[in-house]
Amino acid sequence: MSLKIYNSYTRQKELFEPITPGHVGMYVCGPTVSGESHLGHARPYITFDVVYRYLTHKGLKVRYVRNITDAGHFEEEGREAEDKVSKKAILEKLEPMELVQKYTNLFHWAMLEFNNVEPSIEPTATGHIVEQIEMIKKIMDAGYAYEKSGSVYFDVKKYAATHDYGKLSGRVIDDLLETTRELEGQEEKRDRADFALWKSAAPEHIMRWVSPWGEGFPGWHIECSAMATKYLGAEFDIHGGGMDLQFPHHESEIAQSTICNHHAPVKYWMHNNMITINGKKMGKSYNNVIKLTEMFSGNHPLLTQAFHPMVVRLFILQSHYRSPLDFGSEALVASEKALKRLWDAYEVLKTFSQAGNAAMDSELDTKVLKMVNEFEEFMDDDFSTAKVLANMFELSSVINSIKDGHVKKEALSAATLSLLQQQFAVYLEDIFGLKNISSGNSDTFKGVMELLIDIRKESKLKKDYITSDKIRNQLTALGIAVKDEKDGTVSWDVN
RNA sequence: GGUUCUGUGGCCGAGUGGCUAGGCAGAGCUCUGCAAAAGCUCGUACAGCAGUUCGAAUCUGCUCGGAACCUCCA
């Protein structure tokens, strides 16, 4: 295993060594299902889907846990406690759980569209209230939390005295304690930096549970700690999420779990960067979100057209997950064409039969071999999907050259060709999770197309170009491209 | 204000000391009845200034942009 992962906690690439050989525990922060997912949300789920697929490809047995946050949290700390879920439920005249169900379903639909593998376990916050209460009790027993008016707060100052609070997010504890910002409702806390583990519910709160401290609901960060501990243990391998969750969410998770389990919870922290629009992070508060439903339908002022989920997937994989990625219709269009190019070459590659044993063009053979072997090398280097794709595009040129006869198939050795075919399929489909997006794959449709192409071929032989062009032009108008190949065959595809 | 990150050709993006990814768009050529597709070739980019070095997009400093977090947030 020579996989290197950039660990946000240590700020460097580290050799990945599973805690339990052969097994990997991975936790990824899932969606808050009080609203629709947008393009920005797609990034972590696609990124970590590829991480999951790659680890599995490496022969590791991965337990992938991704939560559903279906219990409302605060709109803003210290302010009038507004349960996000219950608030919107009233506006939309829906039961809270009805709303949660609706957006959960929509989320699952989007994940399916993206061809994301389902997590091993997808626990809900509301389904783990008991575990969360138990965890809070342990933290209180350890002396790192205190109760005030039915709410429970984590004592950050005390924790920071003996632990490195702020290491993950690069925060300085003294700065946190001296925030000048004035917020209401802070008086319950002993210190500004303290965060809620349990919050007492105001009478208007619909979502509420009985606890040792009265009726209320869990704090912002405890659910992930509780569920990760339950399903992955006191220490697990990978915790993923967006960079914006580093503080306070993940920092607090570390503190809670460390006190409760007497061990730092995570070995490798992974954070994906943001998707931006005109350089600004896509987010509710910026009012610049493009929902996934809008993305797929093209129904948004910033979109020039609809974009297939696979196009979005490729778009995301063409950059490194730790770099910001700027959205633009033009960039998506480029990805759409790139996907077609890649897939066309892949289809051609699949049709190649074995050539001679020895490579006629050893230089090319070596080059191809190198590029194919780099797939793994690049992925092992902190999941450099963009570099693997770059190689695939270069290989596409080679494949097309062979198809067009510019390069003889015998240029490559049988072993190289076979490896190329195999690895292309593995990386494109199994690891990157990409799929063909052209429609018209039914047998009936193919039969009709064969008939038309046959008729056209006959008219061409008779030099009846009026008929042959009529067929091609009308098919083109229908969005079906007909291409006369070098070898006399005719290919077509639907866009 | 504090902390951290970042600035690459028309657009999106790899790239961390020498070997100038890749995709899209653009130009030319080849193939073709024409077309489409494909192949080949081309533009020769690294915010600015100064420094380190035989050599910097890549390291250091400064200047100017931009961003994230510090409050729910992927």
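Across the P atoms, rG39(B) and rU6(B) are found 35 Å apart, a figure rounded to whole Å. rG10(B) sits 13 Å from rG48(B) when the P atoms are compared, rounded to a whole Å.
Checked against rA74(B), rG33(B), rG39(B), the side chain of Tyr465(A) finds its nearest nucleotide in rG33(B). Side-chain proximity of Lys387(A) to rC34(B), rA14(B), rG10(B): nearest is rA14(B). Which of rC34(B), rG15(B), rA38(B) sits closest to the side chain of Asn400(A) comes down to rA38(B). Comparing rA38(B), rA74(B), rG23(B) by their nearest atom to the side chain of Gln318(A) picks out rG23(B). Proximity note for Ala390(A) (side chain, C-beta onward) versus rG10(B), rG22(B), rC34(B): the nearest is rG22(B). Minimum atom distance to the side chain of Leu325(A) is reached by rG13(B), of the listed rG39(B), rG13(B), rG10(B). The listed nucleotides are rA74(B), rA25(B), rA21(B); the one nearest the side chain of Lys337(A) is rA25(B). Here the nucleotide nearest the side chain of Lys280(A), chosen from rG23(B), rA67(B), rA37(B), is rA67(B). With distances taken from any side-chain atom of Asp244(A) to the nucleotides rA14(B), rA68(B), rC12(B), the minimum falls on rA68(B).
Between the side chain of Asp484(A) and the base of rC34(B), a donor-acceptor pair under 3.5 Å is found. A donor-acceptor contact under 3.5 Å is formed by the side chain of Arg472(A) with the base of rA35(B). Contact annotation: side chain of Asp326(A) to base of rG13(B), donor-acceptor pair absent below 3.5 Å.
Taking the six-membered ring where tryptophan is involved, the planes of Phe195(A) and Phe154(A) are essentially parallel, since the angle between them stays under 30° and well short of 60°. Classified by interplanar angle (parallel below 30°, tilted 30° to 60°, perpendicular above 60°), the ring pair His239(A)/His250(A) is perpendicular. Between Tyr427(A) and Tyr54(A), the two ring planes are tilted [angle within 30° to 60°]. Using cut-offs of 30° and 60° on the angle between ring planes, the pair Trp343(A) and Tyr346(A) is perpendicular. A perpendicular orientation is assigned to the rings of Tyr45(A) and Phe107(A), their planes being inclined by more than 60° (bins at 30° and 60°).
A stacked arrangement is not assigned to Phe393(A) and the six-membered base ring of rG23(B), the conditions of a centre distance below 5.5 Å and an interplanar angle below 30° not being jointly met.
For Tyr286(A), a side-chain nitrogen or oxygen approaches OP1 or OP2 of rA68(B) to under 4.0 Å. When the side-chain nitrogen and oxygen atoms of Ser323(A) are compared with OP1 and OP2 of rA14(B), one or more of them lie within a distance under 4.0 Å. An OP1 or OP2 oxygen of rA74(B) is reached within less than 4.0 angstrom by no side-chain nitrogen or oxygen of Asn272(A). Using a 4.0 Å cut-off, some side-chain N or O of Arg341(A) falls inside it from OP1 or OP2 of rG23(B). Between Lys460(A) and rC34(B) there is no side-chain polar atom (N or O) within less than 4.0 angstrom of OP1 or OP2. Distances shorter than 4.0 Å separate none of the side-chain N or O atoms of Ser401(A) from OP1 or OP2 on rG39(B). Side-chain nitrogen and oxygen atoms of His41(A) include at least one within less than 4.0 Å of the OP1 or OP2 phosphate oxygen of rA74(B).
Computed from coordinates, the His406(A) NE2 to rA37(B) C1' distance equals 11 Å when rounded to whole Å. Distance, Asn273(A) CG to rU4(B) C1': 12 Å, rounded to whole Å. For the pair Leu475(A) CG and rA35(B) P, the computed distance is 19 Å after rounding to whole Å. Remark: P of rU32(B) and NZ of Lys403(A) are 16 Å apart, rounded to the nearest angstrom. In this structure, Arg322(A) places its CZ atom 10 Å from P of rU16(B), rounding to the nearest Å. When rounded to the nearest whole Å, the span between CD of Glu251(A) and P of rC69(B) equals 16 Å.
Note on Ala338(A): only backbone sugar-phosphate atoms sit closer than 4.0 angstrom, heavy atoms only; bases stay farther off.
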